[in-house]
Amino acid sequence: MLQQTRMETVLPYFERFHARFPNVQALAEASEQEVLRLWSGLGYYRRARMLHAAARQVVEQFDGELPQSAAAWRRLPGVGEYTSAAVASQAFGERVAVVDGNVKRVAARYLGLALAADQPALHRQAAEWGAELMRDLPQARGGSRPAGDLNQALMFLGASRCKPRQPDCASCPIQAGCKAAASGQPEAWPLPAKKKAMKDLHLLFLVAGENRSWWLQARQEGWNPGLFEPPSLPDGDPTALRKFCRQHRVESAYQEIGEVRHTITHHRIRARVLKFGSWDSSSGLDPAAVPLSALGKKVLALAGYRS
DNA sequence: CAGCCGTGGTC
DNA sequence: TGACCAAGGCT
């Protein structure tokens, strides 16, 4: 859950998720839809599907025993260099360095690397720096976890002092050897990344339903795969709308009830919402019982759905 | 390697 | 308002 997502955002999701799936067996036995439902709103839904797949793999292939090393964790779906190092350093005391956004920023400043945050070269050099710090660590004893502590310390330093903007060098414990602090312009590191262009997308949502029964479809591809939303199609094509209504046996009498704006990664979505009065309500779904995307929630809220 | 995937907070 | 960014990983 913490991949690309802040602790404060994750916490309430984690609490609910962990209450429902207290162990790997419970997660493995759940349906993917149930897993997505408890994840819905957190974003990056592929993480949920991969976590679910990993749980099933652990139960089916390893008899429910969790991997005991970074290398073994790394083989699970959804577990990359960062996550395997985070788990193994905290749980097993393994001397593997984490490289996240914080560590990369701290490394760029401390070492004075003229690289942008999204450059693989920065990731590589931050990893080398981390490995070097790991080698100089004292041996673990008496239950101490120097490797895990170092990893958390670097990430916390990045989040609390060595922030992207207005870093607090005065309170930084490693200011003495820091190139960026010495320059007087610590904010100049890392270099500005090339900005990615946003694309505008115009959609049309078709909403029908009331109370506990609404017209919802599971998305198959593109964004939010596996999540439910009211059906949508590209805006600006009346023929497509008529065809869609005919296919789904919905009378094309509707009311335009408003507009919803939403951003998904590099897409800026502007969606008009049409509400239909008559539809085949026998196929209605309860929005509370299926995984909804944030976009789907916005559309339903506009249409009068109260969760 | 480059592109892709969500959402919410901050300034 | 918009740009940036966050405890990344997969294709």
Side-chain angles (χ1 to χ4, degrees), chain A residues 1-14 36 39-54 70 73-91 96-108 116-124 126-127 130 148-160 162-167 187-201 219-229 260-270 291-298:
Chain A
M1 285 181 170
L2 287 168
Q3 290 167 0
Q4 291 282 280
T5 310
R6 295 169 189 281
M7 175 69 80
E8 313 85 75
T9 304
V10 161
L11 268 178
Y13 286 88
F14 175 79
L36 282 171
W39 199 282
S40 94
L42 243 196
Y44 281 142
Y45 297 100
R46 205 168 47 161
R47 294 180 300 178
R49 305 164 74 126
M50 290 190 293
L51 176 61
H52 186 223
W73 272 86
R74 178 72 180 80
R75 291 181 211 114
L76 292 173
V79 178
E81 292 301 324
Y82 164 78
T83 304
S84 59
V87 169
S89 64
Q90 313 291 340
V96 278
V98 297
V99 180
D100 73 334
N102 291 304
V103 175
K104 284 196 279 188
R105 185 174 55 258
V106 172
D118 62 351
Q119 282 185 270
L122 176 55
H123 188 101
R124 203 160 50 240
D149 288 350
L150 171 61
N151 281 334
Q152 292 209 71
L154 279 178
M155 290 190 286
F156 185 66
L157 183 65
S160 62
C162 201
K163 298 171 292 184
R165 284 179 298 266
Q166 297 190 344
E187 216 168 316
W189 282 267
L191 265 41
K194 244 175 84 176
K195 52 188 167 196
K196 291 158 195 163
M198 297 289 286
K199 279 185 188 170
D200 287 303
L201 208 58
R219 290 192 61 91
Q220 299 301 326
E221 51 192 34
W223 318 294
N224 304 333
L227 274 75
F228 288 73
E229 290 171 359
V260 162
R261 291 168 188 272
H262 189 71
T263 301
I264 295 180
T265 55
H266 58 288
H267 294 268
R268 206 167 21 230
I269 297 171
R270 191 166 59 77
L292 291 176
S293 65
L295 174 56
K297 282 175 190 162
K298 283 185 189 175

From [X] [atom1] over to [Y] [atom2], what is the distance, rounded to the nearest 0.5 angstrom?
| X | Y | atom1 | atom2 | result |
| --- | --- | --- | --- | --- |
| A:T83 | A:L51 | OG1 | CG | 10.5 Å |
| A:K298 | A:E229 | NZ | CD | 11.5 Å |
| A:T9 | A:Q4 | OG1 | CD | 12.0 Å |

Considering only atom [atom1], compute the distance from [N] to [M] and round it to an integer number of Å.
| N | M | atom1 | value |
| --- | --- | --- | --- |
| B:dG8 | C:dT1 | C1' | 16 Å |
| C:dA7 | B:dC11 | C1' | 22 Å |
| C:dT11 | B:dT7 | C1' | 23 Å |
| C:dG9 | B:dG9 | P | 24 Å |
| C:dC5 | B:dC5 | C1' | 15 Å |

Give every donor-acceptor pair under 3.5 Å between a side-chain atom in residues 187-194 of chain A and any protein atom, sequence neighbours left out.
from: A:E187; atom 1: OE1; to: A:Q166; atom 2: N; distance (Å): 3.3
from: A:W189; atom 1: NE1; to: A:L113; atom 2: O; distance (Å): 3.4

(message) Expected output is a numbered-order residue list: members of residues 187-196 of chain A with a heavy atom under 4.0 Å from any atom of DNA chain C. What is it?
(response) A:K195
(request) Assess whether side chain to side chain contact (heavy atoms under 4.5 Å, CB included) is satisfied between A:Y45 and A:W39, documenting all intermediate values. (result) CA-CA 7 Å; A:Y45 297 100; A:W39 199 282; 3.6 Å; yes
So what does [X] touch, heavy atoms closer than 4.0 Å: a base, only the sugar-phosphate, or nothing?
| X | result |
| --- | --- |
| A:A86 | nothing |
| A:T265 | base |
| A:S293 | sugar-phosphate |

(message) With a 4.5 Å cut-off on side-chain heavy atoms, are A:T263 and A:I269 touching?
(response) no
Rounded distance (Å) that lies between atom [atom2] of [N] and atom [atom1] of [X]:
| X | N | atom1 | atom2 | value |
| --- | --- | --- | --- | --- |
| A:Q166 | B:dT10 | CD | P | 14 Å |
| A:R268 | C:dC4 | CZ | P | 12 Å |
| A:R270 | C:dT1 | CZ | C1' | 16 Å |
| A:M198 | C:dT1 | CE | P | 14 Å |
| A:H266 | C:dG2 | NE2 | P | 18 Å |
| A:L42 | B:dC5 | CG | C1' | 14 Å |
| A:I269 | B:dT7 | CD1 | C1' | 12 Å |

Pick out the pairs of N or O atoms, protein on one side and nucleotides 6-10 of chain C on the other, that lie under 3.5 Å.
from: C:dA6; atom 1: OP1; to: A:R105; atom 2: NH1; distance (Å): 2.5
from: C:dA7; atom 1: OP2; to: A:N102; atom 2: OD1; distance (Å): 2.6
from: C:dA7; atom 1: OP2; to: A:N102; atom 2: ND2; distance (Å): 2.5
from: C:dA7; atom 1: O5'; to: A:N102; atom 2: ND2; distance (Å): 2.7
from: C:dA7; atom 1: O4'; to: A:D100; atom 2: OD2; distance (Å): 3.2
from: C:dG8; atom 1: OP1; to: A:G101; atom 2: N; distance (Å): 3.3
from: C:dG8; atom 1: OP2; to: A:Q4; atom 2: N; distance (Å): 2.7
from: C:dG8; atom 1: OP2; to: A:Q4; atom 2: NE2; distance (Å): 3.3
from: C:dG8; atom 1: O5'; to: A:Q4; atom 2: N; distance (Å): 3.1
from: C:dG9; atom 1: OP1; to: A:G80; atom 2: N; distance (Å): 2.9
from: C:dG9; atom 1: OP1; to: A:T83; atom 2: N; distance (Å): 3.0
from: C:dG9; atom 1: OP1; to: A:T83; atom 2: OG1; distance (Å): 2.6
from: C:dG9; atom 1: OP2; to: A:E81; atom 2: N; distance (Å): 3.4
from: C:dG9; atom 1: OP2; to: A:Y82; atom 2: N; distance (Å): 3.1
from: C:dG9; atom 1: N2; to: A:R46; atom 2: NH2; distance (Å): 2.8
from: C:dC10; atom 1: OP1; to: A:G78; atom 2: N; distance (Å): 2.8
from: C:dC10; atom 1: O4'; to: A:R46; atom 2: NH2; distance (Å): 3.3

(message) Please tell me whether A:N151 and A:Q90 have a donor and an acceptor in their side chains that are separated by less than 3.5 angstrom.
(response) no
(request) List the steps and the verdict of side chain to side chain contact (heavy atoms under 4.5 Å, CB included) for A:N102 and A:L157. (result) CA-CA 8 Å; A:N102 291 304; A:L157 183 65; over 6 Å; no
(message) Assuming nearest nucleotide by heavy-atom distance, tell me which of A:R124 and A:G41 is located more 5' along DNA chain B.
(response) A:R124
(message) Here's a test of your reading of the structure: between A:Y13 and A:H267, which maps to the more 5' nucleotide of DNA chain B?
(response) A:H267
(message) Please determine whether a side-chain nitrogen or oxygen atom of A:H262 lies at a distance below 4.0 Å from atom OP1 or OP2 of B:dT7.
(response) yes
(request) Return yes if some donor-acceptor pair links the side-chain N/O of A:R219 with the main-chain N/O of A:W223 below 3.5 Å, else return no. (result) yes
(message) Pair A:R268, A:L201 - check side chain to side chain contact (heavy atoms under 4.5 Å, CB included), show working.
(response) CA-CA 6 Å; A:R268 206 167 21 230; A:L201 208 58; over 6 Å; no
